[in-house]
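Input: a single structure, listed below in structure tokens.
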Amino acid sequence: MKIELLEEQKMLQEMVRRFAQEVVQPKAREIDESGEFPMEFFKEAAELGLAGVAVPEEYGGSGMDTIAYCLAIEEISAACASSGVILSVNNSLVCDPILKFGTEAQKKELLTPLASGEQLGCFALTEPGAGSDAGAIRTTAVRDGDDYILNGNKVFITNGTHADVAIVFATTDIEAKHRGMVAFVVDMNSPGFERGGHEYKLGVNASGTTELSFTDLRVPASRRLGEEGEGFKVAMATLDGGRIGISAQAVGIARGAFEEARSYAQEREQFGRPISRFQAIQFYLADMSTEIDAARYLTWKAAWTKDQGKRYSLEAAQAKLYSSQMAQRVTNLALQIHGGYGYTKEYNVERYFRDARITEIYEGTSEVQKMVIARSVLQG
Ligand code: CAA
């Protein structure tokens, strides 16, 4: 077994790190405070090939693998978690299902503009009454000739304020629960489509979270992703990949907070010496760096399993569960090392602390990850 990044992965990592530090980090605090969606960032990231890192070049992507994708999300999230999730959603939750479930014609027409960043995508599954219980959605799809007619509401949609395209999940038969679900690629300029305002949140405040509603919205049947009744599987398989991205995001947030805390500990003097000379602080830093590495390796293992073409639901859930919980502990310690200053807006740690929280909630709560893990380990 060899754990070493390939040359092209290292080059990508360095390139994204530079971009994150020079372009993304300087605006992170400002967009967190204003909530302004960083569309300029998305376009610049797309120019670097980050809108579809693991999408083959023939469909507008960079043709790299899932480990490379994780490296990119970690670097961006270490600078700005909002920017990290914007990219993660476009890559994992939008490009990936079209790549996996789309027909050749759909890949050519729909995937190319998304993977090249000409368009931005969002993933519309969650509804007011269907969060963890994703099979309980009530948005309906009724076949009418060559179209389907959609009616319903979605909530907490990342990128929703600015996306051009949405992967929308609906049901043709509410009674059939998850077996009635169907997925579509919906143009967000269609008549009958409405988006809500910007949702202010505890963290990742610039990620364009909003509500979406569909009123007699017509979608051509040619925009259906997979077959009728396959929507739940499309959603679950897509979220397996999404969870790897959120795991990488959690590693990035934790690393960002760790780096701030390490610098602070070396500069801040109390009792006549830098606080990094006290064993209490050293032990915090030791625990933090160990946990970040452990989470990163779990993330890479899930990414590697995906790239082998094997089922990776277990590995993705384990990575997301551990990384997101790790990010709470690490950002908490980073804030503690900063003392009273860490509690102010003057330092970045309070932002990392707030941003870490969502990684235990979106793309499946920690409790949902435990359900997935438990079912898998009990099957043996
Ligand atoms: N891949 C393929 N098929 C899968 C699958 C997977 N990963 N997981 C389940 N399935 C299949 C099962 O085999 C089963 O198939 P059959 O009907 O043929 O038997 C079917 O789907 C139903 O599976 P379950 O019985 O396991 O379904 P469940 O109702 O018990 O739900 C769950 C399981 C894990 C709780 C699931 O509902 C879940 O993951 N919920 C969380 C939803 C979620 O993550 N939402 C995030 C929203 S998006 C978001 O957050 C984006 C953002 O903002 C950034």
Side-chain angles (χ1 to χ4, degrees), residues 73 77 81-94 96-97 100-101 120-137 139 154-161 163 166-169 171 173 176-183 199 201-212 225-250 302 305-306 309-318 320-321 324 355 357-376 378-379:
I73 296 297
S77 303
S82 290
S83 303
V85 72
I86 290 166
L87 274 191
S88 181
V89 165
N90 197 73
N91 276 269
S92 296
L93 298 189
V94 181
D96 234 27
K100 185 161 182 189
F101 296 98
L120 172 73
C122 66
F123 180 82
L125 172 65
T126 304
E127 298 185 0
S132 292
D133 187 5
I137 60 166
T139 293
K154 301 288 177 180
V155 290
F156 306 141
I157 307 304
T158 302
N159 291 355
T161 53
I167 308 289
V168 176
F169 295 87
T171 173
D173 180 0
K177 301 212 168 126
H178 74 267
R179 294 206 171 94
M181 280 171 64
V182 55
E199 188 101 55
K201 312 182 295 282
L202 176 70
V204 289
N205 207 22
S207 62
T209 307
T210 194
E211 297 180 10
L212 307 179
L225 211 48
E227 299 299 322
E228 278 187 22
E230 274 189 358
F232 191 74
K233 284 187 185 169
V234 173
M236 290 300 114
T238 301
L239 283 163
D240 284 343
R243 288 165 187 168
I244 298 178
I246 300 306
S247 185
Q249 184 197 30
T305 310
K306 179 173 192 268
K310 297 180 187 164
R311 176 96 185 240
Y312 59 96
S313 309
L314 169 67
E315 289 81 359
Q318 287 175 329
K320 182 181 183 283
L321 174 67
S324 59
D355 286 345
R357 193 65 186 82
I358 189 62
T359 63
E360 270 210 79
I361 299 172
Y362 57 24
E363 303 203 27
T365 59
S366 290
E367 293 72 20
V368 162
Q369 307 312 318
K370 287 183 192 184
M371 284 168 72
V372 174
I373 295 165
R375 284 177 191 180
S376 180
L378 285 169
Q379 273 169 8

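We count ligands from 1, going down the list as the structure has it; atoms in each ligand are counted the same way.
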Would you please determine whether Ser132 falls within less than 4.0 Å of ligand 1 on a heavy-atom basis?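 Yes.
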Return yes when Gly242 approaches ligand 1 closer than 4.0 angstrom through a heavy atom, no otherwise.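 It does not, in that no heavy atom of Gly242 comes within the 4.0 Å cut-off of ligand 1.
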So if I count the atoms of ligand 1 from 1 in the order they appear, which ones are less than 4.0 Å from some heavy atom of [X]?
X: Gly131; answer: 42 (C)
X: His178; answer: 17 (O), 20 (C), 22 (C)
X: Ser313; answer: 7 (N)
X: Val89; answer: 54 (C)
X: Leu93; answer: 51 (C)
X: Phe123; answer: 48 (S)

Quick check on atom 32 (C) of ligand 1 - does any protein heavy atom sit closer than 4.0 Å to it?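 No.
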For atom 12 (C) of ligand 1, is there a protein heavy atom at a distance under 4.0 Å?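 So atom 12 (C) of ligand 1 lacks protein heavy-atom neighbours under 4.0 Å.
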Nearest 0.5 Å, what's the CE-OG distance between Met371 and Ser376?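 The CE atom of Met371 sits 13.5 Å away from the OG atom of Ser376.
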In Å and rounded to the nearest 0.5 Å, what is the CG to CD1 distance from Leu93 to Ile167?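 Going from the CG atom of Leu93 to the CD1 atom of Ile167 covers 9.0 Å.
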Apply the test side chain to side chain donor-acceptor pair (under 3.5 Å) to residues Tyr312 and Gln318: give CA-CA distance (whole Å), side-chain angles for both, the deciding distance (0.1 Å), then the verdict. CA-CA 10 Å; Tyr312 59 96; Gln318 287 175 329; over 6 Å; no
Where Phe169 and Met181 come nearest, the two heavy atoms and their spacing: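 Residues Phe169 and Met181, closest heavy atoms: CB-CE, 4.2 Å.
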So which heavy atom on Lys306 is nearest to which on Asp96, and how close?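 Minimum heavy-atom contact is NZ-OD2, 2.9 Å.
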Is it the case that ligand 1 has an N or O less than 3.5 angstrom from some N or O of Asp240?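 Indeed, backbone or side chain, Asp240 has an N or O that close.
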Please say whether Asp133 places an N or O atom under 3.5 Å from an N or O atom belonging to ligand 1.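 N/O-N/O distance under 3.5 Å: no.
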Does CZ belonging to Phe156 count more than 12 external heavy atoms closer than 6.0 Å?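 Result for CZ/Phe156: open.
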Can you tell me the protein heavy atom closest to [atom] and the distance?
atom: atom 39 (O) of ligand 1; result: Arg243 NH2, 3.0 Å
atom: atom 46 (C) of ligand 1; result: Glu363 CA, 3.6 Å
atom: atom 23 (O) of ligand 1; result: Phe232 CE2, 3.7 Å

Strictly by modelled atom types, are Ser313 and Asp240 linked by a side-chain donor-acceptor pair under 3.5 Å?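 Checked: Ser313/Asp240 side chains pair up, N/O donor to acceptor below 3.5 Å.
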Would you tell me which option among [options] has the nearest heavy-atom contact to [atom]?
atom: atom 47 (C) of ligand 1; options: Val372, Thr126, Val155, Thr158; answer: Thr126
atom: atom 6 (C) of ligand 1; options: Arg311, Glu367, Arg375, Lys233; answer: Arg311
atom: atom 5 (C) of ligand 1; options: Arg179, Met236, Met371; answer: Met236

Can you list the steps and then say if Lys201 with Asp355 is a salt bridge (charged side-chain N to carboxylate O under 4.0 Å, His left out)? CA-CA 10 Å; Lys201 312 182 295 282; Asp355 286 345; over 6 Å; no
Walk me through it: do Ile73 and Leu87 pass the test side chain to side chain contact (heavy atoms under 4.5 Å, CB included)? CA-CA 7 Å; Ile73 296 297; Leu87 274 191; 3.9 Å; yes
Lys/Arg-Asp/Glu bridge criterion (N-O < 4.0 Å) met for Glu127, Lys154: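 Salt bridge flag = yes for Lys154 with Glu127.
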Evaluation steps, side chain to side chain contact (heavy atoms under 4.5 Å, CB included), between Ser324 and Ser366: CA-CA 8 Å; Ser324 59; Ser366 290; 4.0 Å; yes
